[in-house]
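Report on one structure; see the data block that follows.
This one's a predicted model, so the numbers in the text were calculated from it and none came from an experiment.
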Amino acid sequence: MDLTLRVWRQPSPDAPGSFETYPAEDIDEHASLLEMLDIVNDRLTEQGVEPIAFDSDCREGICGTCGVMVDGKAHGPMENTAACQVHLFNYRDGDTITLEPWRARGFPLRKDLIVDRSAFDEIISAGGYVSVNTGSAPEANLTPVDKGTADLAFDAAACIGCGACVAACPNGAAHLFTSAKLSQLNMLPQGQPERYARTQRMVTIMEEYFGSCTNYGECQAACPQDISIDFIAMMNKDYRKSKFRNRRAS
Amino acid sequence: MQLDAKIPDGPLEEKWDNHRFSMRLVNPNNKRKFSVIVVGTGLAGASAAATLGELGYNVKAFTYHDSPRRAHSIAAQGGINAAKNYQGDGDSVFRLFHDTIKGGDYRSREANVYRLAQVSVDIIDQCVAQGVPFARDYGGLLDNRSFGGAQVSRTFYAKGQTGQQLLLGAYQALMRQVDAGSVELHTKSEMLEVVKVDGEARGIVVRNLETGEVTSHAAHAVVLATGGYASAYFLSTMAKNSNVTAAWRAHRKGAAFANPSFTQIHPTCIPQSGDYQSKLTLMSESLRNDGRIWVPADPDDERAPADIPEAERDYYLERIYPSFGNLAPRDVSSRAAKRMVDAGHGVGPRKNGVYLDFSDAVGRLGQDKIAERYGNLFEMYQKITNENPYDVPMRIYPAPHYAMGGLWVDYNLMTTIPGLFSIGESNFSDHGANRLGASALMQGLADGYFVLPYTIGDYLAPHLGESPPPTDHPAFAEAEAEVRDKVNGLLSVNGTRSVDSFHRDLGKIVWDYCGMARTEQGLEKARSEIQALRDEYHKDVRVLGENETINQSLEKAGRVADFFELAELMTIDALDRNESCGGHFREEYQTDEGEALRDDEHYAYVAAWGFEGTGEDPSLTKEHLAFENVKLATRSYK
Amino acid sequence: MADTQQKPTATTPPPKQGQRSWIAEFYGSALGKKYAMAITGIVLLAYVVVHMIGNLKLYQGPEEINAYAEWLRQIAYPALPEEGGLWIFRVVLGGSVLIHIHAAYALWLDNRRKRPAKYEKRDYVAVNFANRTMRWTGIIIALFIIFHVADLTLGATNPDFDHADVYGNIVASFSDPLIAGIYIVANLALGFHIFHGAWSLFQTMGWNNRRFNHWRRYLAVALAVVVVVGNVSFPLAVLTGVVS
């Protein structure tokens, strides 16, 4: 099929950027969006044009490396699908596709469609873990966890850290990402001892980089893992409790 | 080259315990006087860096990803094995050990594998304590599923995202140490050289992928946890950025490379749909628990699968291997699929797949139960193929997936370069000629959490009081210059073809001749074709852009250059091994029924190759494998 | 973390722990401000509902509603001076409005900083008219409050304004189609504001239970509809002559 691409090109973080238009002709409809970019890049290379820089790695929707605004939607037109798993049979011959990088203060642009998401790592390092040294763990089946809680914790833990929630949020907020990790750990018995200290620290770091939640729900709609904004409510509750019950971060 | 595997004396069950006792220790106050570099932050690297940090070492961790959470360990779907025997179905450490040795077709080291089985139980405890949300049953206890190559249920899982959950657990443990200041994390930093001083590994040279800056880092020891090399095939289940570069540069510096031809072709991947394709997507092997594999008995049968009556279907795995059926090990299932497709029974538009059919399971358990077990995999399949697997059977075909081969390491996981360790998929150690499902996660975490942190102390202890060399040491300057030369060399070729186009051509040669079936003639042809293509590559590759900003073509160009050299070694190793075992199937060596024919008398060894120069014949050193606790037998899954 | 000089820059300094009272520290965080908005929102929402219900006495005639107004002035009398109770309500409500506005403004300012660049193309999936316009409906409501107090508490629009004759004041004001129109528009804005705000406050307060979550939407719709229908009926009733 024949498509036209409009792509944001920006050679370096400080250089000005602009949209460029490239033809993407004669491409198999079973190719993915990113495979189309591969093909276009190969052709650009032959023409002596520097290929479009974009992030991707596993190409099966789990590593969270890819992430691009496709026609104004994070990861493109399909629900709960990362850009690498959007295949062209979802488009019509002759369509124009606009590709833009994630845009948020917390995700500074590096080049073309690549942004820096290391603020997410900082949020995790502020408490997105259970403090258990290797070797000190008790026998695994000593602490039963009811299936409902375990399954819900998994739903939260499924986050791939792609940043689509931030990209889709009109406020550039990272509440869905942060609350997913917080809810996973705060729900499980293993996460209880650090529950409130963790909540305070992670929220504090989150707010340094990202905006606040106005309950638009765009994040949930953009999430490739369909993570629910219910987890945001859980985070709000735990943060409030951490303050009101005077459970201070040590 | 001399190889000493340093396997401890004593009975198998006591080797690891005795060894832990006899190893030298670094006392807690002295640990902070040692620095350790860990390259790669996947399952093995992150768990090792975190644990070393907890112990008090100064750790520097490097990854070319933007975050440790991106490592390809994240894509492991099915699960992780452990000899917990929670199901009471007769599992034990010895059984896991035995299954793994047998599954590896008797080409792995007994002592290493036994230790792996021993620590497997600790891994589950550790991960549960970290908050990894494993699947549980209604009583709140951990659930298990069964997996290929085993007759017990010992696989722990978190839906189809077990690798993700385990990696995130290790990543979080790592970030905890980053927060505590014991680990210094360097992202977007690709290791391009190992630096040796007085014959021992004392540092690395890395290139920053955002700024092009080349820097040196010194330490008392270097750990490579850089994953496998199945991307040599171009089309594989690996991530786009997975590469062999770190391991290969270490190999060029003197680390022996073991069994490079032992690669695993995973039986259940979505068949290739076109020439544009960038990767193959795995469908978890766990699907074989409930799915039945079949092809039309008549090669010319063009009917839709639902219209083909039972009597005209060939459930060939169930027919040939009645006791294991659809759960036959990976190499066996893969080859069976290849035989069926080669014989013209293939299905789908390109006739390049076999059916994996869930209609019986849906009938038996109901669609809800199947959705609960495999829902996310079914969705993924539909996204990629535009077909609904509840209605139409999945089509699958084998694809390169894992590398059993890797850097040669001794029992302590140290390579032939003193001070250079290799863990996880980047070493060759535990899987022999074929890895069983759900064992990669087990090995990565065993190495990282429970083995390396002990054994590295034994190496470091005598070096107390020594400082790492300064980074302006001539050895670093030389290595940095090498890196810069390579980068500038690639940028200045200015030929006509993209890096990817070369990689694709290379991958096709390796797949055609060093893939699921190999012949002497084919391998010789492959070697010369690889050499010719490599020469062309260095004359005709086109890398645009500059070194100083993000340049993905340049990154790939360096990696593909290393794949060319590795690919040649793969063919050499496959040629050397005049037998069939596990994933290495030489057509000349097969039984009348087409099964692999091992030659234990002549080939029960690890082939460790030394680098002698690009295009030169490498040197071969053999580590003979002794089997004292299992009886060498022809694998039978019938 | 990365060896690059250009880290994402934090735009909000971390709150200084331990130097301020916990409540200032809490309010200093964005989540704290959201919480303040939710609490004040609950207060204001409760007031709006009660206010609307009280005003239904309009339909019972002048005596009833004037007596009701007088009763309001007598709340807690003689424990407090006359209108003392009323003034406590006024202070709480006024304070709530100020806090609500301050928090909203501070969050809006911060969010603008956190999202400096716009997309050229943006296709929203989940946002609706109500949540996209919270800022504007909020401003309309704030201006309306000023107008409403001037109109029916201070009598600025009515030369014949009489504190004791609430009924007469209302009929006088609403007989002017312009003033009636202002009330109608403002209450429609209020309806949208309540529709998103009432749902939103459950999220912010963390009142979350998967079994009941879908009821939060219904409740928000019900509150918005009841308040709008009630309040808009008054000017319409006067304009159409049902009340005169």
Side-chain angles (χ1 to χ4, degrees), chain A residues 11-12 27-28 30-31 34-35 38-39 42 45-46 48 50-51 53 56-65 78 81 85 87 89 110-111 114 116-118 120-121 124-126 128-134 137-141 144-147 150 153-154 157-158 161 184-185 188 190-191, chain B residues 50-51 54 65-67 69-70 72 74-75 86 122 124-126 128-131 133 136-142 158-159 161 164-165 168 172-173 175-176 178-179 187 210 239-241 273-274 276-279 281 380 383-384 386 449-450 453 496 498 500-501 542 544-545 549-550 552-553:
Chain A
S12 65
I27 297 189
D28 192 295
H30 278 96
L34 302 189
E35 283 165 348
D38 290 340
I39 296 167
D42 260 14
T45 304
E46 280 167 25
E50 204 183 327
S56 83
D57 200 22
C58 77
R59 301 232 174 157
E60 48 187 277
I62 194 70
C63 73
T65 310
M78 295 174 70
T81 305
Q85 293 197 304
H87 289 257
F89 47 69
R110 288 285 175 248
K111 183 173 185 171
I114 298 179
D116 180 345
R117 288 166 289 193
S118 57
F120 273 10
D121 291 323
I124 297 298
S125 71
Y129 45 74
V130 174
S131 295
V132 50
N133 283 357
T134 303
E139 154 61 38
N141 259 352
V145 181
D146 78 274
K147 187 167 164 54
F154 175 87
Q184 177 208 342
L185 299 176
L188 292 170
Q190 289 82 5
Chain B
T51 305
E54 289 161 10
H65 285 109
D66 65 337
S67 163
R69 67 181 299 148
R70 312 281 183 222
H72 201 50
I74 205 151
Y86 282 160
D122 300 329
I124 301 304
D125 296 344
Q126 182 65 28
V128 166
Q130 287 171 344
R136 290 175 182 271
D137 58 28
Y138 285 98
L141 301 179
L142 293 164
K159 282 201 181 158
Q161 296 169 223
Q164 180 201 24
Q165 294 309 316
L168 292 181
Q172 287 160 206
M175 295 315 287
R176 174 174 162 241
V178 170
D179 186 48
T187 55
E210 287 185 336
K240 288 306 290 172
N241 296 317
S273 62
Y276 53 83
Q277 204 157 335
S278 61
K279 79 159 278 165
T281 303
M380 179 146 102
K383 279 174 194 168
I384 293 168
N386 217 8
Y449 281 133
F450 295 107
T496 61
S498 72
D500 271 352
S501 72
R542 171 179 277 192
L544 298 170
T549 57
I550 294 174
Q552 294 170 318
S553 307

Can you tell if the side chain of [X] reaches within under 4.5 Å of the side chain of [Y], non-hydrogen atoms only?
{"X": "B:Arg69", "Y": "A:Arg117", "answer": "no"}
{"X": "A:Asn133", "Y": "B:Arg176", "answer": "yes"}
{"X": "B:Phe450", "Y": "A:Thr134", "answer": "yes"}

Which pair of non-hydrogen atoms, one from [X] and one from [Y], has the smallest distance, and what is that distance?
{"X": "A:Ala157", "Y": "B:Pro133", "value": "CB-CG, 3.7 Å"}
{"X": "A:Ser125", "Y": "B:Met175", "value": "CB-O, 3.4 Å"}
{"X": "A:Ala140", "Y": "B:Leu142", "value": "CB-CD1, 3.6 Å"}
{"X": "B:Gln161", "Y": "A:Ala158", "value": "NE2-CB, 3.8 Å"}
{"X": "A:Ala53", "Y": "B:Gln552", "value": "CA-OE1, 3.3 Å"}
{"X": "B:Ile384", "Y": "A:Phe89", "value": "O-CE2, 3.6 Å"}

- Item | Part of A:Leu34 within contact of chain B (heavy atom distance under 4.5 Å) | neither
- Item | chain B contact via A:Glu50 - side chain, backbone, both or neither, heavy atoms under 4.5 Å | both
Highest number of heavy-atom pairs under 4.5 Å with chain A: which of [options]?
{"options": "B:Thr51, B:Leu141, B:Thr549", "result": "B:Leu141"}
{"options": "B:Gln130, B:Gln277, B:Lys279, B:His72", "result": "B:Lys279"}
{"options": "B:Ser278, B:Gly131, B:Ser498", "result": "B:Ser278"}

So, taking the atom named [atom1] in [X] and the one named [atom2] in [Y], what distance separates them when rounded to the nearest 0.5 Å?
{"X": "B:Gln165", "Y": "A:Gln184", "atom1": "CD", "atom2": "CD", "result": "6.0 Å"}
{"X": "B:Gln172", "Y": "A:Ser131", "atom1": "CD", "atom2": "OG", "result": "11.0 Å"}
{"X": "A:Ser12", "Y": "B:Ile550", "atom1": "OG", "atom2": "CD1", "result": "9.5 Å"}
{"X": "A:Asp121", "Y": "B:Asp66", "atom1": "CG", "atom2": "CG", "result": "7.0 Å"}
{"X": "B:Thr281", "Y": "A:Arg59", "atom1": "OG1", "atom2": "CZ", "result": "10.5 Å"}
{"X": "B:Tyr276", "Y": "A:Asp28", "atom1": "OH", "atom2": "CG", "result": "4.5 Å"}

- B:Asp125: what forms a salt bridge (Lys or Arg N to Asp or Glu O under 4.0 Å) with it, not counting sequence neighbours?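 For B:Asp125 the salt bridge (Lys or Arg N to Asp or Glu O under 4.0 Å) partners, ignoring immediate neighbours, are B:Lys84.
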- Message: Under the rule for salt bridge (Lys or Arg N to Asp or Glu O under 4.0 Å), what residues qualify as partners of B:Lys159, not counting sequence neighbours?
- Response: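 Partners of B:Lys159 by the salt bridge (Lys or Arg N to Asp or Glu O under 4.0 Å) criterion, ordered by chain and then number, come out as A:Asp155.
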- Item | Partner chain B: residue of A:Ile114, A:Ile39, A:Asp38, A:Asp146 with the largest heavy-atom pair count (under 4.5 Å) |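 Most pairs with chain B among the choices: A:Ile114.
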- chain B: which of A:Ala153, A:Pro11, A:Pro144 shares the most heavy-atom pairs with it under 4.5 Å?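 Counting heavy-atom pairs under 4.5 Å, the top option is A:Pro144.
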- Below 4.5 Å from any heavy atom of chain A, which atoms of B:Ser67 appear? Answer side chain, backbone, both or neither. both
- Item | Portion of B:Asp122 that has a non-hydrogen atom of chain A nearer than 4.5 angstrom |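 No part of B:Asp122 comes within 4.5 Å of chain A.
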- Query: Are A:Asp57 and B:His65 close enough that a side-chain donor and a side-chain acceptor fall under 3.5 Å?
  - Reply: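 Yes - a donor-acceptor pair under 3.5 Å links their side chains.
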